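The structure under discussion appears below in the form of structure tokens.
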Amino acid sequence: MQEIILIKYGEMALKGMNKRTFEDVLVKNIKRRIKFLGKTEITRAQSTIYIKPLEESFDMDEAMERLQKVFGIAALCRAAVCEKDFGNISEVACEYLEETLTYAKTFKVNAKRSDKRFPMKSPEICRELGGVLLKKFSHLEVDVNNPEITVTVEIRDTNAYVHAANVRGAGGLPVGTSGHAMLLLSGGIDSPVAGYMMAKRGIHISAIHYISPPYTSERARLKVEQLCEKITPYCGSIAFFCVPFTKIQEEIKNNCPEEFFTIIMRRLMMKIAQKICEREKCLALITGESVGQVASQTMNALMCTDAVCEIPVFRPLIGMDKTEIIEISRKIDTYETSIQPYEDCCTVFTPRHPKVRPLLADVEAAEANFDFTPLLEEAVEKTELKIFNLEA
Ligand code: ATP
Ligand code: MG
């Protein structure tokens with residue numbers, strides 16, 4: 001018996017997008033995600049992608065696990081391949097679902113006949129196959145409203161398929177269909193979640209992180225690299241830019257009023273990020289900011305930050321509560337890493353009384369005491385790049 005994986009992408013996801021591009025990118029992402037598990041044949045038809053393993057050793061469980069993190073997939077399932085013949089379909093269903101049906105109490109059959117040449121109509125397939133299964137698994141009962149197991153038969157162009165459970169996919173759009181953006185990635189809880197959310201909308205993400213040694217430790221940097229690793233299964237490969245920020249922070253401290261430290265720092269971070277965006281052809285910035293979470297995230301402060309941004313800043317968490325953000329960070333498994341207690345460059349020079357509602361004119365005046373331009377250039381020049389790829 002041949003077992004395959006069926007991948008379904010909702011037609012809804014295709015709205016406003018060229019179907020061909022969408023499928024091409026999705027198939028490419030799927031291939032990259034499972035290529036280390038063994039040889040497969042990947043085909044597509046009728047808004048479904050078929051993955052047929054060509055090697056005995058192909059790990060189906062691991063493949064399912066990985067594919068559940070690929071954006072653009074609405075649902076997926078393992079299925080047995082049958083000939084388009086009712087006798088064969090019944091046989092395969094009994095054999096393939098034996099264990100599942102032995103332990104279930106109730107079931108129903110669901111048939112989808114996209115090949116209208118198949119002689120039996122869907123209700124007839126359901127009835128007949130239901131009868132066969134009831135006979136073979138005599139403890140079972142039919143429950144059409146709330147069955148434990150839904151046995152699905154799909155009659156398609158070249159074959160029929162039998163399976164018992166669709167698993168929900170990650171949804172969203174395939175990464176790479178929406179362009180490229182730069183995520184400002186700290187070691188905190190919020191920014192990895194922000195990156196995940198924009199990747200879900202099909203954006204290919206690079207990440208930038210600012211370090212201030214010796215005020216911030218090597219461990220703090222490793223923590224952020226670990227976060228990059230954690231989100232690569234969703235984001236695909238990530239180019240990670242690490243920017244030395246110490247001198248800039250020291251000059252902010254030496255030359256600017258303390259109440260504006262944080263907001264000036266954030267403006268300079270944005271300026272550096274944009275220089276790298278220009279070089280890397282990123283069309284937007286992404287941050288983990290949420291209105292009112294801290295002093296640098298009041299509407300006034302966000303406005304002062306945006307004043308130095310010439311490209312859009314995406315803040316997918318802007319209207320979310322911390323508890324909602326934490327829920328996602330647990331789901332994507334970044335939470336435990338994020339809460340490790342290492343210092344961030346933001347926290348090292350935190351003013352005792354930050355200005356909660358800074359006015360742009362005051363911030364600009366506070367910044368004007370010092371010409372940061374050469375230091376920004378130098379920071380960009382000394383930026384280190386590391387590429388995170390999907391694991392083998
Ligand atoms: P997070 O949990 O993402 O760290 P936060 O609630 O701690 O967010 P801030 O420290 O004010 O908030 O940072 C706001 C945003 O600025 C972060 O979400 C992130 O996008 C960016 N940011 C902060 N510190 C850094 C850093 N050292 N390197 C890169 N980006 C940073
Ligand atoms: Mg932070």
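Any value given below was found using the heavy atoms of this structure, including those in side chains, with hydrogens, waters and symmetry copies removed. Count residues from 1 along the sequence. One-based numbering, in listed order, for ligands and for the atoms of each. Values in this document were obtained by computation on a predicted structure and should not be read as measured data.
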### Query
Does the side chain of T323 come under 3.5 Å of the side chain of D321 through a donor N or O and an acceptor N or O?
no
### Message
Going by the closest heavy atom to atom 8 (O) of ligand 1, which one wins out of V224, L183, D190?
### Response
D190
### Task
May I ask you to check if ligand 1 and G187 share an N or O to N or O distance below 3.5 Å?
no
### Message
What I want to know is whether L184 and ligand 1 share at least one N or O pair that is separated by under 3.5 angstrom.
### Response
yes
### Summary
Closest to atom 3 (O) of ligand 1 by heavy-atom distance, out of G288, S212, S191, S329, is S191
#### Entry: Close-contact set for ligand 1 against G188 heavy atoms, below 4.0 Å
1 (P), 2 (O), 4 (O)
Would you tabulate the side-chain donor-acceptor contacts of residues 127-147 under 3.5 Å, counting partners in other chains and residues two or more places apart, or write 'none'?
unit_1: H139; atom_1: NE2; unit_2: L101; atom_2: O; d: 3.0
unit_1: H139; atom_1: NE2; unit_2: T102; atom_2: O; d: 3.2
unit_1: H139; atom_1: NE2; unit_2: A104; atom_2: O; d: 3.0
unit_1: D143; atom_1: OD1; unit_2: N145; atom_2: N; d: 3.0
unit_1: D143; atom_1: OD1; unit_2: N146; atom_2: N; d: 3.0

### Query
Purely on distance, is any nitrogen or oxygen of I208 under 3.5 Å from one on ligand 1?
no
### Query
If we ignore angles and hydrogens, is there a donor and acceptor under 3.5 Å between the side chains of H163 and E154?
yes
#### Entry: Pairing of E289 and R315 as salt bridge, 4.0 angstrom limit
yes
### Query
Are any of the N/O atoms in T287 less than 3.5 Å from those in ligand 1?
no
### Message
Show the atoms of ligand 1 that are less than 4.0 angstrom away from any heavy atom in M269.
### Response
24 (N), 25 (C), 26 (C)
### Task
Mind telling me whether H204 and H180 have parallel, tilted or perpendicular rings, with 30° and 60° as the class edges?
parallel
### Query
What is the minimum heavy-atom distance between A111 and C126, and which atoms define it?
N-SG, 3.5 Å
### Task
Measure T262 to ligand 1 on non-hydrogen atoms and call it side chain, backbone, both or neither using the 4.0 Å cut-off.
neither
### Message
So if I count the atoms of ligand 1 from 1 in the order they appear, which ones are less than 4.0 Å from some heavy atom of I189?
### Response
2 (O)
### Salt-bridge criterion met for K247 and E251 (N-O under 4.0 Å)
no
